[in-house]
Every structure is written in C-alpha cells, then in structure tokens.
K.L.:
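Questions regarding the structure given below will be posed in turn.
Chain identifiers are assigned alphabetically (A, B, ...) following the order of the sequence lines, protein sequences preceding nucleic acid strands; residue numbering begins at 1 within each chain.
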Amino acid sequence: MNTLTPTRTRLIASAKSWIEGEAVRQLYATAQFDDMRQAVGFPDLHPGKGGPVGAAFVTAGRLYPHLIGGDIGCGMALFQTNLVRRDAKLDRWATLYFHLEHPWDEDIGNYLAACGLASTAFDTDLGTIGGGNHFAEIQAVETVHNATAFRQTGLGKDQLVMLVHSGSRGLGESILRAHVSVHRGEGVAAESPAGVEYLREHDYALRWAQANRALIAQRFAHRLGAEAGLLWDGCHNSLTPREHDGETMWVHRKGAVASEAPYLMIPGSRGTLSYLVQPTGDGASHAWSLAHGAGRKWTRSASRQRMRERFRVSELAQTPLGGRVICEARDLLYEEAPAAYKNIETVIQDLVDAGLVSVIATFRPLLTYKTRIDRR
DNA sequence: ATGTCC
C-alpha cells in the first residue's frame with residue numbers, strides 16, 4: 001500500500017520497442033510497494049525474478065534489497081587500451097587461453113588491499129567473469145557521431161577499447177541471501193539496523209564488483225600484450241541515495257545504469273554495435289537512470305531451443321559483424337546469441353526521442369570472451 | 001545471476 005504520495009510510473013518506450021506484458025505487469029506491481037515514489041521502466045524492460053529488469057525504483061526511505069537481486073554491483077566498465085585496429089589479429093586472438101574463468105594466479109590479497117578491500121570467502125572469484133550475460137570484449141570505433149564529445153573521452157578513432165560486464169560473483173549473492181532469509185521482500189527502513197547493515201555490505205559489494213571489472217580488464221589486456229586504463233564504470237544493479245529537493249531518495253536500479261556520468265556505454269549484443277552516449281536528461285524524471293543494454297527478448301530456455309534448431313556451433317562463433325566469440329559452453333553460446341536480444345537501435349532511438357541521451361559514437365565488437373569451459 | 005540445489 002502506498003501511504004504517502006501517488007507513485008509516478010513511467011515506461012520510457014515507443015510502440016516499436018517490443019515489451020513483454022509480464023514485464024509491464026511487474027513494473028506496475030512493484031510501483032505499489034510501500035513508500036514507492038517513482039517507478040521507471042526503460043525500453044530494455046523484461047521480466048525478472050524479484051521484479052522487472054530494465055527499471056529503476058525510487059523510495060523516500062524504505063529499502064527493497066530483493067529488487068536489486070543477488071548480483072549487487074553488476075555493471076559495465078569501459079577501458080581504453082594501447083592497441084589500435086591494425087593490432088587486432090582476430091584469428092590468433094580467438095585461439096588464446098585467457099583463463100578468465102579461473103582464479104587469478106597472482107596475489108589477490110595484495111590486489112584487494114590496494115583497492116582498500118578486506119578479504120572474504122570470495123577472494124578467488126575476483127578477476128573472474130562469471131556466467132550468464134557476463135563478458136569481456138574488445139571493440140573498435142565504428143562511427144563518431146559527435147566529434148567534440150568523442151574528443152573529450154581522450155580516445156583516438158583507431159584505438160581499441162575493452163568493455164567488461166561482470167558483478168560481485170558469489171559475494172553479492174551471499175549478502176542478498178542473508179538479508180532475504182530474515183526480511184524476505186518486505187523491505188526495511190534505511191535507518192533500521194537491518195537497513196544500515198545491508199547498505200554497508202551492499203557498498204562493499206559495489207566496490208568489489210568495480211575492482212573485479214578492473215582486474216578482468218587487466219588480465220584480458222595482459223594476455224594481448226596490452227594495458228587497459230579505466231574510462232568509465234557504471235553499475236546497473238545497485239541501491240544508492242540521491243538528494244533531491246532537500247530529501248534523501250533511495251534509487252533502486254535493476255538492469256538500469258546510473259545516468260550521472262559525462263558519458264556511458266549502452267551495449268547491444270555481441271552481434272550488434274554498442275553505443276557510447278552522453279546523458280541529456282534532467283535526472284529526476286527518469287530516476288537518474290538509463291537503459292543498460294538491449295534487454296533479453298527470448299528466455300534462456302527458448303533461446304537454447306531456437307538456436308539449436310537454426311545454427312551450428314561453428315556459425316555462432318563468428319557474429320554477423322565479423323566479431324569472434326570465445327564461448328565453449330554450448331548452452332551459453334545459444335542463450336547469449338544476438339537473436340536472443342532486442343533491437344538495440346530501437347532502444348537507443350527511444351532514449352534519444354525521450355531526450356535522455358545523445359549518441360557520441362558507436363563501437364563494433366571484435367572479440368567477445370565468455371568461457372573455454374563447458375560445465376555441463 | 002549463482003565456487004550454478006538438498
């Protein structure tokens with residue numbers, strides 16, 4: 001029940017963005033939670049477990065950790081490399097073993113300490129990508145749409161970048177599990193002992209996830225004889241305070257990226273372009289958030305079935321844009337096929353039409369690393 | 001999403 005003010009619910013999507021009815025139903029159901037001030041769905045909205053994915057929810061003091069989900073701090077990070085386009089030896093790169101699914105073989109304790117992070121039971125997960133939609137990818141500049149804004153990133157048109165999508169691995173999951181075992185999905189006050197404790201652990205998971213993305217990029221780059229330097233890191237699963245009109249608002253993001261950055265990357269799939277955009281919205285009307293990607297169109301099980309019928313494994317190891325895919329887990333190769341995702345061009349167009357972004361440049365995926373291990 | 005369910 002909403003006892004304060006009516007929730008403002010907004011779905012930022014045109015008729016061209018296909019959104020499942022179940023996702024919209026989840027958006028409106030979540031908007032009814034106690035203390036909910038604002039619910040915003042983005043064009044990549046799709047059904048999720050605790051609530052819809054591709055949405056941001058704003059409360060004035062109540063926290064709903066289950067809306068964030070288990071992968072607390074999950075997000076994208078963009079790195080510049082000292083590689084240029086002619087360095088991209090895709091045939092050779094596609095044969096390399098990057099070992100990003102195995103623990104890092106150097107001193108993780110030192111790395112954590114340098115990041116100001118304490119040791120946990122999940123230390124050996126640091127620097128590993130994980131499964132699902134996570135990846136590490138080398139990309140090249142495709143088209144510059146705004147030369148001035150592009151120049152401000154410091155990137156050269158020939159320079160290769162690295163995009164890393166990963167989160168807090170087992171750590172975040174353990175934090176959510178501990179919270180939900182006591183409070184289920186009822187929510188807790190931000191000032192309550194449970195709220196303070198969750199936020200403390202959540203903030204740790206956010207910093208751990210950022211350190212994880214940085215280490216993944218470093219490992220990926222080193223195998224290519226290169227260096228990676230951070231340009232932008234953006235969480236799309238998080239719960240953060242935001243002062244607004246003299247009040248502290250609590251922004252719950254589930255598959256929605258924080259918009260308050262000079263620029264950020266909205267990737268399509270590994271088979272489509274990624275979009276580097278400049279946020280242009282007012283902040284408050286879109287919960288200080290943006291779409292985090294193309295969004296899933298098919299469920300994982302539907303993707304496995306459809307892709308198995310239509311394609312051979314070898315066909316999926318190369319994308320329509322000529323990118324190489326290292327994914328030796330066959331089910332994952334099917335589940336994350338470009339066809340399983342919505343049209344990123346429509347997602348971006350809807351954000352542009354809503355006045356929320358302008359496109360700086362597009363990027364073409366050259367090498368997408370998932371895993372060399374099939375755990376089935 | 002998940003050292004991937006007991």
K.L.:
Once you apply a heavy-atom cut-off of 4.0 Å, does G70(A) come out as touching a base, just sugar-phosphate, or nothing?
P.N.:
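Counting heavy atoms under 4.0 Å across all strands, no contact is made by G70(A).
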K.L.:
What's the spacing between M307(A) CE and D331(A) CG if we round to 0.5 Å?
P.N.:
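The distance works out to 12.5 Å.
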K.L.:
To the nearest Å, give me how far apart CG (N212(A)) and P (dT2(B)) are.
P.N.:
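Result: 10 Å.
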K.L.:
H102(A) has an atom NE2; how far is it from atom P of dG3(B), in whole Å?
P.N.:
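In whole Å, dG3(B) P lies 15 Å from H102(A) NE2.
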K.L.:
Classify R300(A) by what it touches in the nucleic acid, base, sugar-phosphate, or nothing, heavy-atom distance under 4.0 Å.
P.N.:
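Sugar-phosphate contact only.
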K.L.:
How far apart are the C-alpha atoms of E197(A) and R200(A), what are their side-chain angles, what is the distance that settles it, and do they pass the salt bridge (charged side-chain N to carboxylate O under 4.0 Å, His left out) test?
P.N.:
CA-CA 5 Å; E197(A) 175 67 1; R200(A) 192 179 64 77; 3.2 Å; yes
K.L.:
Between D71(A) (CG) and dG3(B) (P), how many Å, whole number?
P.N.:
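Interatomic distance, CG of D71(A) to P of dG3(B): 9 Å.
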K.L.:
Atom CH2 of W208(A) and atom P of dT2(B): how far apart are they, to the nearest Å?
P.N.:
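Checked: the CH2 to P distance equals 10 Å.
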K.L.:
Measure from CD1 on I175(A) to P on dG3(B) and round the result to the nearest Å.
P.N.:
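One finds 12 Å between P of dG3(B) and CD1 of I175(A), rounded.
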K.L.:
What I want to find out is whether R37(A) reaches E247(A) closely enough, with some N-O distance under 4.0 Å, to be called a salt bridge.
P.N.:
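Between E247(A) and R37(A) there is a salt bridge, with a charged N closer than 4.0 Å to a carboxylate O.
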K.L.:
Using whole Å, report how far CG of D125(A) lies from P of dG3(B).
P.N.:
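Spelled out: CG on D125(A) to P on dG3(B) is 5 Å.
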K.L.:
Please work out which of the three classes, parallel, tilted or perpendicular, describes the rings of H66(A) and F33(A), given edges at 30° and 60°.
P.N.:
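Correct class here is parallel.
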K.L.:
What contact category does G69(A) fall into here, base, sugar-phosphate, or nothing, at under 4.0 angstrom with non-hydrogen atoms?
P.N.:
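Contact class for G69(A): none.
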K.L.:
Looking for any heavy atom pair under 4.0 Å, which part of the strands does G130(A) touch: base, sugar-phosphate only, or nothing?
P.N.:
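Here G130(A) touches the backbone only, sparing every base.
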K.L.:
Figure out the NZ/P separation between K370(A) and dT2(B), and round it to whole Å.
P.N.:
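Rounding to the nearest Å, NZ of K370(A) and P of dT2(B) are 10 Å apart.
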K.L.:
Using whole Å, what does the distance between atom P of nucleotide dC5(B) and atom CD of E173(A) come to?
P.N.:
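So the CD-P distance, E173(A) to dC5(B), works out to 10 Å.
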K.L.:
May I ask you to say what G131(A) touches in the nucleic acid, namely base, sugar-phosphate or nothing, with a heavy-atom cut-off under 4.0 Å?
P.N.:
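Contact class for G131(A): sugar-phosphate only.
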